Amino acid sequence: MTAVPGLLLLATALGYAATAIAGPALSPPPAAVVLHLLGLAAGGDLFIEAARTLSRGALGILIANLLGVGAGLAAGCSTRLVRLARPALTALNACPPVVWISLAMVWMGTGGAVPTVAVVAGTLPPVFLATLEGVASQDPRLRAMSRAFAVPAPVRLARMVVPGVFPFWLAAFAHTSSAAWKLAAVAEYLGAADGLGARIYWAYRRLDMEGLYAWTAMVVAIGVLVDAGLIARLRRPVRSARRGEAAP
Amino acid sequence: MILRLRGVTHQFGSRRVLSGVDLTLAAGEGVRLVGPSGRGKSTLLEIAAGLLAPTRGTVDRRGRLAIAFQDDALLPWTDAAGNLAYALAGIPGGRQRIAPWLERFGLPPDLLPGAMSGGMCRRLALARAFAAGADLTILDEPFAFPAAGGRAAGARPTPHRAAAGGAVLHSTHQTEDTPASTSRTLAIDDSGGLAGL
């Protein structure tokens, strides 16, 4: 978060430079964008639309993680399941989000479900593959030790498998969480009547450049807040364990 | 009888490390397995623990097992007390044994393995094995860190465990290690067989 003032300063400088080069009609000055943002905030639109996009993205990530982690843990315990699931998930991982967005629009029509489906489809494969990788990478000596001491299966899962998988899952979660907002916004742009992406679409259709910049700034701000507020906190226990300290 | 190996033979590829090993351990008995590194001591211990299937032969083991691996096999993300709690999770009253055994081995309960010396990690692995109070305790090179106090700390509970009715099977490449509990000393010979010393 210490880099935020510097980042804002740089964005402001670049904004004014763009205004000077392209003109205020194509690239409005940062002060006008801020004023537009304040107007949207005062009317409540800014927070309502942000909450819509946030809730769709969060629901998508939640579903993807429940399914991906659960399936990854189960598949990781069976080499046969890993062999069966890996090619299919690799193929799904290679599928561009626009395919899922198009299918969701055909199946469900335009609306709030499209961004959630797009986020689930886009984030489930990496979460599943990371969890699978985490289980497969576990130290076989720890498994042997658990067998020798006849540690009960629920305890093994909670205290050996899950902590071992955690760094792998976290890397996937950090990547997918920041990607989810972009996915949700793209899906709203193409297939929803509301949300930040839809507002970007309507600002573009009306050539409302101040609005376009203001809604874009909000999407970026959410991404930064998610990374600084959530992902950075989750990384701390992993770093502490690597340094041999108790988690703060 | 706690452990009985009959005609145990094991090969890694074409290399035979154990050949027709017979070994019986009774309750209260301590057996020391000596020999240089690479002779097959750890392989024999893993077969005895049921962690490795022998190429030929049978393993008959009764009762609960505890083991201290040569590489300690500690959970890196949990502290000393958590490592003991994990291994003792299936043992009734296991939680009450954690503090006394950590104290006995001079280990702070809240230290993570990553912050411990090699000797401390070895002592933690030994504390975990002895705290289990198993019928068969297997110790792979338990005294590998004498400078850190591992040998002194590890040697004391061995006779205690044997006196409590548990059998102890431990390996060492240091021929001077002779805990009071050791009733027999065996060595793996050049042909992979077991010979008394």
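To find a chain, count down the sequence lines: A is the first, B the second, and so on, and within it residues start at 1. The model shown is predicted, which means the values in this text are computed figures rather than measured ones.
- Contact residues of residues 83-95 of chain B toward chain A are Ala85(B), Tyr86(B), Ala87(B), Ala89(B), Gly90(B), Arg95(B) (heavy-atom distance under 4.5 Å).
- Put simply, the side chain of Leu25(B) reaches to within 4.5 Å of the side chain of Leu136(B), judged on heavy atoms.
- Between Arg6(B) and Asp22(B) there is no salt bridge, since no side-chain nitrogen of the basic residue lies less than 4.0 Å from a carboxylate oxygen of the acidic one.
- Ring to ring, Phe173(A) and His175(A) are not that close: their centroids are 6.0 angstrom or more apart.
- Using a cut-off of 4.0 Å between Lys/Arg side-chain N and Asp/Glu carboxylate O, Arg123(B) and Glu103(B) are scored as not salt-bridged.
- The contact between Arg156(A) and chain B is made by backbone and side chain atoms together, counting heavy-atom distances below 4.5 Å.
- The candidate from Pro152(A), Ala158(A), Ala150(A) with the greatest count of non-hydrogen atom pairs under 4.5 Å with chain B is Pro152(A).
- One finds a salt bridge joining Asp190(B) and Arg39(B) here, because a Lys/Arg side-chain nitrogen approaches an Asp/Glu carboxylate oxygen to under 4.0 Å.
- Contact of the Arg159(A) side chain with the Thr78(B) side chain is not registered, since no non-hydrogen atoms from C-beta on lie closer than 4.5 Å.
- Residue Gly223(A) comes nearest to Trp181(A) through the heavy atom pair CA-CD1, 4.2 Å, listed as atom of the first residue, atom of the second, then distance.
- With respect to Arg56(A) and Glu188(A), a salt bridge is recorded, a charged nitrogen being found less than 4.0 Å from a carboxylate O.
- Looking at heavy atoms from C-beta onward, Leu23(B) lies in side-chain contact with Arg184(B) at the 4.5 angstrom threshold.
- Heavy-atom proximity under 4.5 angstrom to chain A picks out Gly50(B), Leu51(B), Leu65(B), Ala66(B), Ile67(B), Phe69(B) from residues 49-70 of chain B.
- Ion pairing of Lys41(B) with Asp140(B) is absent here, as no side-chain N (NZ or NE/NH1/NH2) approaches a carboxylate O to less than 4.0 Å.
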